[in-house]
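A quick write-up on the structure given underneath.
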Amino acid sequence: MYFISTRGGKERVKGAKAIVQGLASNGGLFVPESFPQVTKDEFDKMLSMSYAERAAFILHKYLEEYDYAELLSACEAAYSRFEGDPAPLVKIDDGVYILELFHGPTCAFKDMALTLLPYLLKKGCELCGIKDKILILVATSGDTGKAALEGFKDADGIKIMVFYPNDGVSKMQKLQMCTQEGSNVNVVAVKGNFDDCQTGVKNIFNSAECAKALKERGYLLSSANSINFGRLAPQIVYYFSSYLDMVSAGQIEAGTEIDFCVPTGNFGNILAAYYAKLMGLPVRMLHCASNMNNVLTDFLAKGEYDARRDFYKTTSPSMDILISSNLERLLFEISGRNGGLVSERMAALKKDKVYKITPEEQAAINKTFDGGWANEDEVVETVYDVFCDTGYTMDTHTGCAMKVAVDWFEKNKKDTTNMVVVSTANPYKFPQDVLYAVTGNDVRDSFKGIKRLHAATAMKVPKSLQGLKDKPVIFTGVTTPDKMFGEVLVFVEK
Ligand SMILES: *Cc1c(COP(=O)(O)O)cnc(C)c1O
């Protein structure tokens with residue numbers, strides 16, 4: 001299997017290279033040359049597999065040059081770091097399920113991929129014969145940073161540096177990152193929002209000068225952001241796995257189409273669902289859920305991507321994004337894999353912050369994708385309503401998705417298609433906001449929030465979050481977007 005760039009050109013690389021390199025040389029994203037299919041026989045075989053086995057099976061279709069047995073044991077090691085089933089499906093109502101992706105070490109769905117990425121990357125370097133040390137740069141809206149730090153801490157021959165928006169992440173997320181242990185890690189706050197962080201990191205990636213300066217110091221840049229195919233591929237797995245679980249449990253018959261509703265920021269999670277569909281998973285619709293930063297809702301409704309708008313800080317900070325990088329991969333598919341067209345649009349986005357797609361493309365997207373969003377009040381109401389009606393507690397990001405799912409059923413009362421709402425974070429990661437939604441109580445301190453939320457819901461508190469209270473803060477640095485690369489150089493020279 002080879003990978004090509006969303007922006008055209010002749011570059012054509014194996015998965016290992018795509019993962020190590022992160023971005024294509026012309027600034028595009030790597031996409032598989034074609035989508036491997038899962039046959040009926042393979043599907044039946046996967047029914048009795050464990051999550052790790054399903055992961056190895058799906059991944060190997062893209063990463064054939066990786067040794068299968070080794071890949072499988074890497075998947076087993078990664079998913080053994082989760083508490084119990086890595087991706088359990090909870091039925092909360094007739095036809096409504098929640099796919100919980102927050103049982104990993106950092107309590108957010110990013111763990112689904114970032115527990116495995118260090119192996120994919122290290123093995124990738126080996127397969128490509130790369131001898132340089134690797135520097136991972138991450139821009140985070142909160143959850144990727146911590147998950148990447150946990151995944152890569154103390155990894156041989158790798159350094160990892162995380163940039164997060166100074167006032168754009170929750171207290172808990174900030175504490176998780178700034179208390180990170182490990183000999184090879186660094187965490188720096190950036191004055192600005194997530195888009196500023198992401199643009200800063202992308203600029204470093206696209207700069208030949210930066211690459212040269214790092215090369216002279218023995219380092220090769222790579223990324224753990226969801227633009228890396230190594231992040232995307234493991235996310236395809238849980239869409240298959242949840243479907244297989246529904247079939248195994250007799251909730252649906254094999255072949256029945258279902259819907260997923262996904263809380264979306266950078267468009268990585270929902271794109272993985274689309275890739276699963278392209279591989280043959282019976283998916284009807286994908287509901288793209290946003291918060292007040294609803295640029296994607298408007299894009300899906302109007303066929304125009306317009307980032308010229310106010311940026312809001314919300315209670316679902318991991319979705320506070322105006323430039324959704326992975327949408328580029330959808331544009332590539334929808335345009336008939338027209339790299340030239342994708343390039344033009346990405347150039348327009350960079351220059352004018354806006355681009356349009358054709359009515360035909362929009363219609364093709366709307367065959368599968370529907371969009372919606374929740375304002376801050378609606379998130380609170382939705383989390384509250386679901387808690388009261390079913391006893392289920394969800395976090396604020398999942399609350400956005402649930403609101404969009406509820407709206408869908410309001411508009412389509414006769415729809416009997418099963419809806420799987422993807423849950424991306426443990427409620428204790430946003431304890432004050434969830435406590436407020438569930439009980440109306442407003443507390444100022446995160447740990448008090450955890451305590452009260454536990455009293456109200458009796459839900460188990462993850463040890464990794466509880467333990468943060470007593471951990472020393474190691475990282476306090478703050479920089480500006482123009483000084484990010486300076487910070488990088490100081491770190492690699494340490
Ligand atoms: C990252 C994240 C999202 C958004 O996922 P994308 O792949 O960026 O669309 C949603 N919710 C939570 C809790 C996250 O950490």
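Remember, predicted model here, so these are calculated numbers, not experimental data. Order of listing sets the numbers, starting from 1, for every ligand and every atom in it.
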Can you say whether the rings of Y238 and F109 are parallel (under 30°), tilted (30 to 60°) or perpendicular (over 60°)?
perpendicular
Using a strict 4.0 Å cut-off to heavy atoms of T264, name the atoms of ligand 1 that fall inside it.
9 (O)
Examine ligand 1 and decide if any of its atoms is less than 4.0 Å from a heavy atom belonging to S226.
no
Any idea which atoms of ligand 1 are less than 4.0 Å away from a heavy-atom of P263?
4 (C), 10 (C)
Parallel, tilted or perpendicular: ring planes of F430 versus H397, cut at 30 and 60 degrees:
tilted
Using a 4.0 Å cutoff against the non-hydrogen atoms of A425, which atoms of ligand 1 qualify?
13 (C)
So Y275 and F35, would you call those rings parallel, tilted or perpendicular, with 30° and 60° as cut-offs?
perpendicular
Write out the residue and atom name of the closest protein heavy atom to atom 12 (C) of ligand 1, then the distance separating them to 0.1 Å.
T424 OG1, 3.3 Å
Looking at N269, N266, T140, the heavy atom closest to atom 8 (O) of ligand 1 belongs to N266
Do any N/O atoms on F267 end up under 3.5 angstrom from N/O atoms on ligand 1?
yes
So, for F447 and Q466, which heavy atoms are closest and what is the spacing to 0.1 Å?
CE2-O, 4.0 Å
Sole residue of K174, Q176, Q180 in side-chain contact (heavy atoms from CB on, under 4.5 Å) with C178:
K174
Side chain proximity check, T424 to M319, heavy atoms < 4.5 angstrom:
no
Reference residue Q198; test side chain to side chain donor-acceptor pair (under 3.5 Å); the match among T140, N225, N266, N193:
N266
Report the part of F109 (side chain from C-beta onward, or backbone N, CA, C, O) that has a heavy atom under 4.0 Å from ligand 1; answer both or neither where that applies.
side chain
Check each heavy atom of K110 against ligand 1 and say whether those closer than 4.0 Å belong to the side chain, the backbone, both or neither.
side chain
Show the numbers, then the answer: is there a side chain to side chain contact (heavy atoms under 4.5 Å, CB included) between F299 and F369?
CA-CA 11 Å; F299 170 72; F369 289 88; over 6 Å; no
For D143, the ligand 1 atoms with a heavy-atom partner under 4.0 Å come out as 12 (C), 13 (C), 14 (C), 15 (O)
Atom 4 (C) of ligand 1: which protein heavy atom is closest, and how many Å away?
G265 N, 3.5 Å
Contacting atoms of ligand 1, where contact means under 4.0 angstrom from a heavy atom of G268:
6 (P), 7 (O), 9 (O)
